[in-house]
Novice: 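The structure's right below; bear with me while I get my questions together.
Whatever order the structure lists ligands and atoms in, that order sets their numbers, starting from 1. Note that the coordinates shown come from a computational prediction; the quantities given were computed from them, not determined experimentally.
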Amino acid sequence: MKKKALIVVFDMLAGHWDKSIVVPSTGLQPPNVMGYVKAGKLPAFRECIEQGVFVYSWNNGNCNTPYGQKYLASGTYKVKAEAMNGSFCQLTEGMDRKTILNACKEQYPAGKVASFGSDAWMQSGWWKAPDATYGFGGYFSDFLTTQYCFKWMTENPDWKMTLLYLAQYDLTGNCPVYKKDVFYTEDKHHSLLYLDKILWMIIELLKESGWWNETLLFIASDHGCHYGCETAVEEGRSRGIPEKSLSNYCSNHQPPYDCRQWDFKNNTVTNKKSNCCRRTTFMINGGALPQDLRKKSISYGEIIDFSPTIAKLMGINFSSDGTSLV
Ligand SMILES: [Zn+2]
Ligand SMILES: [Zn+2]
């Protein structure tokens with residue numbers, strides 16, 4: 001099979017949100033892929049939705065990065081992942097399943113498999129790759145990580161699967177949803193607009209290099225974040241955010257992940273589920289995506305379905321607890 005797979009993982013990117021929620025400072029939904037695409041804000045993500053597959057995807061396990069990355073890599077919730085000192089992760093012997101990167105190498109030994117991203121997840125059980133693994137420091141520049149990845153792909157045109165993990169959106173925990181005229185990572189809104197530019201660059205690279213038609217582009221995230229829910233309001237108050245600013249405050253992705261929506265008008269919690277952190281991104285595009293799979297939205301999927309879906313489309317033998325959604 002001639003196909004290649006480029007896997008892009010954006011940390012913390014919510015793929016979808018409850019349609020009824022609007023952020024007063026922006027007049028938009030809380031920053032999320034589908035809501036911002038519908039508002040005309042994300043042209044690169046829009047192209048992927050219009051030409052490819054969009055899955056309303058959920059993380060039904062632990063919505064912290066050490067877990068989410070493993071769920072994505074291995075297609076099972078049965079993993080052991082421990083955050084050490086807040087970010088570094090320890091591998092626990094015997095608890096890790098085969099990842100999609102290793103399965104790809106077994107199936108196609110002649111094709112190179114590489115990974116690029118924060119060193120904490122470029123380890124065995126997460127995204128360590130059989131041929132080349134580039135681990136950068138925590139929250140290293142998305143732009144530069146992307147450039148290293150592009151350079152390696154260009155120098156190794158026989159690449160079969162490349163994993164690009166970008167961490168900087170995860171810096172937008174405990175920050176405003178919107179602030180006027182700020183840079184990337186200072187608010188959620190501008191950070192999401194920036195991710196669209198990164199995705200545009202990735203698509204450009206594939207097209208300009210002549211790889212687009214043979215490539216499947218898989219886009220995912222590990223968790224979302226709290227906004228407009230009891231958890232976000234509680235966290236904001238504990239950090240001294242004024243009451244009037246709580247409706248513009250985006251919290252991190254701490255438990256509880258099963259949270260309820262907040263009613264800002266009456267300043268009280270509602271009975272409506274929000275489950276903000278569980279709302280993950282899962283999209284497929286690329287020129288190699290079969291025509292009959294295009295322009296599809298799938299109403300329910302899980303984070304553990306990501307790797308088995310890649311395996312199905314790439315013809316890779318891979319056993320997991322998830323199911324291929326195509
Ligand atoms: Zn994360
Ligand atoms: Zn929440």
Novice: Identify, with sequence neighbours excluded, every residue that meets salt bridge (charged side-chain N to carboxylate O under 4.0 Å, His left out) alongside E155.
Specialist: K151
Novice: Compare all side-chain heavy atoms of I203 with those of W212 and state whether any distance is below 4.5 angstrom.
Specialist: yes
Novice: Closer than 2.8 Å to the Zn ion (ligand 2), do we get an N, O or S atom from H226, backbone or side chain?
Specialist: yes
Novice: Are Y139 and D170 linked by a side-chain donor-acceptor pair shorter than 3.5 Å?
Specialist: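 A pair is found: one side chain offers a donor N or O, the other an acceptor, under 3.5 Å apart.
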Novice: Salt bridge check: are E230 and R260 linked by an N-O gap of less than 4.0 Å?
Specialist: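 Counted as a salt bridge, because a side-chain N and a carboxylate O are separated by less than 4.0 Å.
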Novice: Tell me who clusters with W58, hydrophobic residues only, linked when side chains sit under 4.5 Å apart either directly or through other members.
Specialist: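 Its cluster mates, by chain and number, are Y300.
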Novice: For N/O/S atoms only: which one belongs to D222 and is nearest the Zn ion (ligand 1)?
Specialist: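 Nearest N/O/S atom of D222: OD2.
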Novice: For N/O/S atoms only: which one belongs to D11 and is nearest the Zn ion (ligand 1)?
Specialist: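 Minimum-distance N/O/S atom of D11 relative to the Zn ion (ligand 1) is OD1.
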Novice: Just checking: C276, one of its N/O/S atoms, less than 2.8 Å away from the Zn ion (ligand 2), yes or no?
Specialist: yes
Novice: Side-chain donor-acceptor pair under 3.5 Å between D18 and Q261, yes or no?
Specialist: yes
Novice: So, T65 and the Zn ion (ligand 1): N/O/S under 2.8 Å, yes or no?
Specialist: yes
Novice: Within 2.8 Å of the Zn ion (ligand 1), is there any N, O or S atom belonging to H223?
Specialist: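 For H223, the answer is yes, given that an N, O or S atom comes within less than 2.8 Å of the Zn ion (ligand 1).
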Novice: Using a cut-off of strictly less than 2.8 Å, determine whether D170 has an N/O/S atom near the Zn ion (ligand 1).
Specialist: no
